[in-house]
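In the text below, chain A, chain B and the rest are named by the order of the sequence lines, each starting its count at 1. Just so it is clear, the model here is predicted, and its values are computed rather than measured.
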Protein chains: 2
Amino acid sequence: MTSELMTIRQMCDAFEVTPRTLRFYEAKELLFPVRNGQKRLYTRRDRGRLKLILRGKRFGFSLEEMRQLLNLYDRGDAQEEQLKRTYAVARERLAQMERQRDELNEAIEELRGQLEWGADMIASFRRPAAE
Amino acid sequence: MTSELMTIRQMCDAFEVTPRTLRFYEAKELLFPVRNGQKRLYTRRDRGRLKLILRGKRFGFSLEEMRQLLNLYDRGDAQEEQLKRTYAVARERLAQMERQRDELNEAIEELRGQLEWGADMIASFRRPAAE
DNA sequence: GTTGGACTTTACGTTTACGTCAACTCCGGT
DNA sequence: ACCGGAGTTGACGTAAACGTAAAGTCCAAC
């Protein structure tokens, strides 16, 4: 079923993305499907890359960041230095996400505070410069 | 010092925004400074609104949402129904933020998991379709 | 042989919240 | 009269990640 080469539609169904997305990723040099005449055919390598791309997206990596990471390890020269760099990038992103989460939590607490006062919060919308 | 009417620069310094921002908010009908000839003069009302706008931004409200909320309570008809609607909007937003935070936490956990495996995570970048 | 899908390319549109000019206009000071 | 600074309008630019037509190609089925 999961044949060696997949059409764009099979890919879309498998990964829940649109054809536009796959072409877009190709234009951004994230995927390199082979061609059968006009048609794109996605290899196992493309599927692997796409899987990582989507995972990266969940982590908040930009497409450009993913492209760089993928290309880094695609050249086969996955030496110590390169590995460490990827590792560093990932840890940095993790730190960013944690900061973002903390900010979000602060905002939540603040908003929750307003709401707990009940109608007082609403009043603040009516008497803006009350203080 | 905090005179009744403030120039655009005074506003910028007071709220740490750029002139562009204030004009933008005006174009979006969030602020309504009066004019002294060419120049904009911001009233106490504008300052109150701006304060709420910036607070709203921290809560993740879009400018359009803030405009609606402000206008709602600006018409003076802050009746029960209207109040409840604002309250509802705020609670909904809070729920959104909590969902967002939860998703972020999941992603963080997932990424942290990868990192804890150390170099194995990096390896996953080399053997995409390993599974 | 033609119709219908599936696929293709090209290219402009969308969203949000401003940034960044360019070209004025106005006002106080010298 | 002239200059500099502050303020103004208008318009185009930016970023990300695609969406959405428009128009053409290709192959199998009828």
Base, sugar-phosphate or nothing for A/Arg23? Non-hydrogen atoms, less than 4.0 Å. base

Are any non-hydrogen side-chain atoms of A/Leu63 and A/Phe24 less than 4.5 angstrom apart? yes

I want to check something: taking the side chain as every heavy atom from C-beta on, are B/Tyr42 and B/Leu22 in contact at a cut-off of under 4.5 Å? yes

Are any side-chain N or O atoms of B/Asp46 and backbone N or O atoms of B/Thr43, one a donor and one an acceptor, separated by less than 3.5 Å? yes

Of the options B/Glu65, B/Arg49, B/Glu29, which is the one that meets B/Leu70 in a side-chain contact (heavy atoms from CB on, under 4.5 Å)? B/Arg49

Hey, which sits more toward the 5' end of DNA chain C by its nearest nucleotide, A/Lys39 or A/Arg20? A/Lys39

Which part of the nucleic acid does A/Arg40 contact within heavy-atom distance under 4.0 Å: base, sugar-phosphate only, or nothing? sugar-phosphate

Any idea which heavy atoms bring A/Gln68 and A/Glu64 closest together, and the distance? NE2-OE2, 2.8 Å

Quick one, B/Leu5 and B/Asn36 - any side-chain contact, counting heavy atoms below 4.5 Å? no

Has A/Arg47 got a side-chain atom pairing as donor or acceptor with A/Glu4's backbone, closer than 3.5 angstrom? yes

Measure the angle between the two terminal helix axes of the helix from C/dG1-D/dC30 to C/dT30-D/dA1, five base pairs each, and quote it to 10°. 40°

I need the minimum non-hydrogen distance between A/Met66 and A/Gly56, along with the two atoms involved. SD-CA, 3.7 Å

First and last nucleotide of DNA chain D in contact with chain A, 5' to 3', at under 4.0 Å to a heavy atom: what are they? D/dA17 to D/dT20

For DNA chain C, which nucleotides open and close the run of contacts to chain A, 5' to 3', at under 4.0 angstrom from a non-hydrogen atom? C/dC7 to C/dA11

Heavy-atom distance under 4.5 Å between the side chains of B/Phe61 and B/Arg55, does that happen here? no

Considering heavy-atom distances to DNA chain D, does A/Gln38 or B/Gln38 have its closest nucleotide positioned more toward the 5' end? B/Gln38

Salt bridge (charged side-chain N to carboxylate O under 4.0 Å, His left out) assessment of B/Arg23 paired with B/Glu26: CA-CA 5 Å; B/Arg23 297 193 193 102; B/Glu26 184 179 347; over 6 Å; no

